[in-house]
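In what follows, chains carry the letters A, B, and so on, assigned in the order in which the sequence lines appear, proteins first and then strands, with residues in each chain numbered from 1.
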Amino acid sequence: MKYALATLLQDTVSALVAQGRLPAGLPAPEIARPRQEGHGDFSTNFALTAAKAAGRPPRVLAEELKAALGASALIERIEIAGPGFLNVFVAESAFHDIVRTILREREDYGRLTARPGKILLEFVSANPNGPLHVGHGRGAAYGDSLGRLLTWAGYDVEREYYVNDAGRQMDILALSVWLRYMEVGGEKIAFPETGYRGSYVADIARALRKSVGCDLQHPVADILVANPDLDADALMDTWIARLKGTLGARYRTVHGFGLDAMQADIKDDLAAFGVRYDRWYSERSLVESGGVDRALALLRASGDLYEEGGAWWFRATRYGDEKDRVVVRENGVATYFASDIAYHLEKCERGFTTLIDIWGADHHGYVPRVKGALAALGQDPGRLQVLLVQFAILYRGGQRAQMSTRSGEFVTLRELRAEVGNDAARFFYVLRKSEQHMDFDLDLAKSQSNDNPVYYVQYAHARVCSVFRQLDERGLARPDLASADLTRLDAPEERVLERTLGRFAEVIEEAARDREPHQIAYYLRDLAGDLHAYYNAQAFLSVDAPLRDARLALIAAARQVLANGLALLGVSAPESM
RNA sequence: GCGCCCGUAGCUCAAUGGAUAGAGCAACGGCCUUCUAAGCCGUUGGUUGCAGGUUCGAUUCCUGCCGGGCGUACCA
């Protein structure tokens, strides 16, 4: 609807220019939804923005434009208001057309026409060294909804999870699992501060013990050798090296056991949360296929690498980063950054025109170096769009809850889902725009989940379902909604509801453009509110048959849009509550 | 210190550079013998952190302060 009007306006202006009644080089006409109801369904400020270039006062220009827009089936009337706004009132028949279109297209209503370009959407990608916590949950809910949104907006989208199964963090998990394994075997150990101390590690260790018995047995004292000259991280590296040396090929068993257990847990958790992926991309496969070496070789060939202090550095400062970055450490081990360079190069080579990465805000300093690496590799860094999700700050009992994977003191996503429910959790997460810091009050979300706005929206859907159940119970015939006489709809609540329905396609378009699924959530709340108000003001069943059919057609359309919108957020649309 | 994000009603948050800054919760007052009261209607509540600048017009863009968060690794 907005698009049709924008086209009409553009054509009208072009025609005036062609006739010489307006000069060329005017600003592009724009059309907007006025905030104020009395200002029409759409308004344009073109007379204001173009007045100077056109050489006449805004109100005069507005009159000319109004006359030139002439008669369109879409437009009921045009008013000139304020300093020169053109307020357009859309014909009722146009809204009736939308209701009929919704009823015809059903669960596909709101899908926009396909557009060119392939998008790779990477999100969550949490290290498989512990269960997902509520911070990851925000990225999961946001990423999954964004994926659905982009798909609906006509993009070709693939969703990917980058599995960091090759790095140092996984070695630390392996060591942690092995230590717990020895503990299960009866050995008393002083568990290191720098290891993963969550109880899930012991669970994995017990399963490992059950699987391999005593095969991995070795005195812990031989591994956890103290060295006061080293800091905690360097010390951890020596322990990992000792464990690898001691266990030899069997190290892979421990490493793989921890990885597989965590990976399975994460996959299961996300699937239960309604989050879907097209691909789980293994960092290790990238290393083993030589992808990392190849990327580094390319950078070396282009003169973007140099050696200093025994380490290899990427000249990130050449590409706008504030300092150069290590890709191969002094001990010969590639950094996470090195494989990430290879990964992003590989994404480009797979033919994606747009790469969207969703990262936690704590990684924001990482953006310039990745874009820099792409530029160094001859790729357009503009293809990479990094969306940063701010932290969800947890409050429990009015106090901030601690979040630390190492210590194991965190609220897991699984706990949140169990206590709040998937629907409430997903809606709650996506109700804030991603760059907004978010206060997540666990007590409120858990104990007073009735306050969660998700129920408000779901209830609106269930209410319509209930009306149709009543229709059957009263023995009234199910009408042919498509042929209902919608001109019977003239109550104020009906006009409001029809107008809100007419916004759905625009909301999808704009939410996808801005990567802001929260716009969908707010729209749904508006739509639910309009429906609830309508429900309380008008009777649907106890009216004459033609009016009843018209009203049923309208609320059926509203129910459909509610369901489609909730689907975009991964939230269910219950038929009763 | 430098970089990024944020600052809007008592609280949690919205608002493509537009007209009188909006919701929810909280507070107060109404509405169930009628399709689900997880609802509706109404009232109260604001110097959009502060000060400048750009603009016909600024919560929005720019600059400088103030306050909070996060970065600033040969961790990820």
note = Taking B:G3, B:A19, B:A15 as options, the one with an atom nearest any side-chain atom of A:His518 is B:A15
task = State plainly whether the residues A:Arg488 and A:Asp549 are in salt-bridge range, i.e. N to O under 4.0 Å.
result = no
request  = Pick base, sugar-phosphate or nothing for A:Asn87, based on heavy-atom distances below 4.0 Å to the nucleic acid.
outcome  = base
request  = Looking only at side-chain atoms of A:Val467, point me to the closest of B:A38, B:C70, B:C35.
outcome  = B:C35
request  = Could you work out the separation of B:C56 and B:C65 based on their P atoms and round it to a whole Å?
outcome  = 28 Å
task = Taking all non-hydrogen atoms of both residues into account, name the closest pair between A:Asp41 and A:Pro34 and its distance.
result = O-CD, 3.4 Å
ask   = Given the P atoms of B:A26 and B:A15, what is the spacing between them in whole Å?
value = 23 Å
query = Expressed in whole Å, how much space separates the C1' atoms belonging to B:G49 and B:G68?
reply = 11 Å
request  = Tell me which of A:His39 and A:Thr335 sits closer to the 5' end of RNA chain B, going by the nucleotide each one is nearest to.
outcome  = A:His39
ask   = Nearest-Å distance, CG (A:Asp340) to P (B:A76)?
value = 10 Å
query = Got a donor-acceptor pair under 3.5 Å from the side chain of A:His437 to the base of B:G7?
reply = no
query = Given B:A14, B:A19, B:G39, which nucleotide is nearest the side-chain atoms of A:Tyr456?
reply = B:G39
message = Around atom CD of A:Gln470, are there more than 12 heavy atoms from other residues, nucleotides or ligands closer than 6.0 Å?
response = yes
key: Atom-to-atom span, CD1 of A:Ile240 to P of B:C75 - whole angstrom   = 11 Å
query = When rounded to the nearest Å, what value does the distance between P atoms of B:G10 and B:C50 take?
reply = 13 Å
ask   = Quick one, which residues of residues 306-316 of chain A touch RNA chain B with a heavy atom under 4.0 Å?
value = A:Gly309, A:Ala311, A:Trp313
Centroid under 5.5 Å and tilt under 30°, A:Phe85 to B:A19 = yes
task = Rounded off to whole Å, could you give me the CD-to-P distance for the A:Glu435 and B:G68 pair?
result = 22 Å
message = Please determine whether any donor N or O and acceptor N or O are separated by less than 3.5 Å between the side chain of A:Asp231 and the base of B:A73.
response = no
query = Is the number of heavy atoms from other residues, nucleotides or ligands within 6.0 Å of CZ (A:Arg513) greater than 12?
reply = yes
inquiry  = Using a heavy-atom cut-off of 4.0 Å across all strands, would you classify A:Arg474 as base, sugar-phosphate, or nothing?
reply    = sugar-phosphate
ask   = Does A:Arg463 make a cation-pi contact with A:Tyr535 (under 6.0 Å, within 45 degrees of the axis)?
value = yes
key: Euclidean distance for P, B:G57 against B:A19 (whole angstrom)   = 14 Å
query = How close or far is atom P of B:A73 from atom OH of A:Tyr366, stated in whole angstroms?
reply = 14 Å
request  = Measure from CG on A:Leu388 to C1' on B:C4 and round the result to the nearest Å.
outcome  = 8 Å
inquiry  = Can you see if the side chain of A:Arg329 gets near the phosphate of B:C75 - specifically, an N or O under 4.0 Å from OP1 or OP2?
reply    = yes
query = The side chain of A:Arg525 lies closest to which of these nucleotides: B:A19, B:C40, B:A23?
reply = B:A23
query = Counting side-chain heavy atoms from C-beta on, which of B:C70, B:A73, B:A76 comes nearest to A:Lys323?
reply = B:A73
request  = Taking syn as within 90° of 0 and anti otherwise, name the glycosidic form of B:C28.
outcome  = anti
ask   = Going by atom types only, do A:Tyr319 and A:Asp304 share a side-chain donor-acceptor pair under 3.5 Å?
value = yes
Whole angstrom value for the distance that separates C1' of B:A76 from CZ of A:Arg369 = 10 Å
query = Whole Å only: how far is the CZ atom of A:Arg35 from the P atom of B:A15?
reply = 11 Å
request  = Find the distance between CG (A:Leu431) and CD1 (A:Ile520) and round it off to the nearest 0.5 Å.
outcome  = 12.5 Å
inquiry  = Measuring only the C1' atom in each nucleotide, how far is B:U60 from B:A37? A whole number of Å is fine.
reply    = 39 Å
request  = Report yes if a donor N or O on one partner sits less than 3.5 Å from an acceptor N or O on the other, where the partners are the side chain of A:Ser43 and the base of B:A19; otherwise report no.
outcome  = yes
message = Closest approach to the side chain of A:Tyr535, judged atom by atom: which nucleotide of B:A76, B:G3, B:C35 is it?
response = B:C35
message = Taking only the C1' atom of each, what is the distance from B:C28 to B:G53 in whole angstrom?
response = 44 Å
ask   = Which of these nucleotides, B:A14, B:C40, B:C70, is closest to any side-chain atom of A:Tyr522?
value = B:A14
ask   = What pattern of brackets, bars and dots sums up RNA chain B from 5' to 3', given Watson-Crick or G-U wobble pairs under 3.5 Å, [ ] for crossing pairs and | for another strand?
value = (((((((..((((....[...)))).(((((.......))))).....(((((..]....))))))))))))....
request  = Ignoring hydrogens and angles, answer whether the base of B:G71 and the side-chain atoms of A:His363 contain a donor-acceptor pair closer than 3.5 Å.
outcome  = no
inquiry  = Could you tell me if A:Arg325 sits above the aromatic ring of A:Phe314, with its cationic atom closer than 6.0 Å to the ring centre and no more than 45 degrees from the axis?
reply    = no
query = What orientation do A:His518 and A:Tyr522 show, parallel under 30°, tilted 30 to 60°, or perpendicular over 60°?
reply = perpendicular
ask   = Of A:Ala32 and A:Leu431, whose closest RNA chain B nucleotide lies nearer the 5' terminus?
value = A:Leu431
inquiry  = What I want to check is whether the side chains of A:Tyr523 and A:Glu510 have a donor and an acceptor closer together than 3.5 Å.
reply    = no
message = Any donor-acceptor pair under 3.5 Å linking the side-chain atoms of A:Ser572 with those of A:Asp423?
response = yes
query = What's the closest nucleotide to the A:Asn127 side chain, out of B:A19, B:C70, B:A76?
reply = B:A76
remark   = Picking from B:A19, B:C74, B:G3, the nucleotide nearest the side-chain atoms of A:Glu322 would be B:G3
query = Using a cut-off of 4.0 Å on non-hydrogen atoms, how would the nucleic acid contact of A:Gln390 be classed: base, sugar-phosphate, or nothing?
reply = sugar-phosphate
key: Spacing of the P atoms in B:U55 and B:U43 (rounded, Å)   = 40 Å
inquiry  = Within the 4.0 Å heavy-atom criterion, would you say A:Ser576 contacts the bases, only the backbone, or no part of the nucleic acid?
reply    = base
query = Counting side-chain heavy atoms from C-beta on, which of B:A37, B:C40, B:C5 comes nearest to A:Arg463?
reply = B:A37
Sugar-phosphate only, base, or nothing, as touched by A:Ala537 at under 4.0 Å among non-hydrogen atoms = nothing
query = What do you reckon, is OH of A:Tyr306 surrounded by more than 12 foreign heavy atoms closer than 6.0 Å?
reply = yes
ask   = For the base of B:G18, is there a side-chain donor-acceptor partner from A:Asn45 under 3.5 Å away?
value = yes
request  = Answer yes if the side chains of A:Tyr534 and A:Glu494 hold a donor-acceptor pair under 3.5 Å, and no otherwise.
outcome  = yes
inquiry  = Just N and O in the side chain of A:Gln538: are any of them under 4.0 Å from OP1 or OP2 of B:C40?
reply    = no
key: N or O in side chain of A:Lys433 less than 4.0 angstrom from B:A15 OP1/OP2   = yes
query = Do the ring planes of A:Tyr366 and A:Tyr336 sit parallel (below 30°), tilted (30 to 60°) or perpendicular (above 60°)?
reply = tilted
Value in whole Å for how far the C1' atom of B:U16 lies from OH of A:Tyr523 = 17 Å
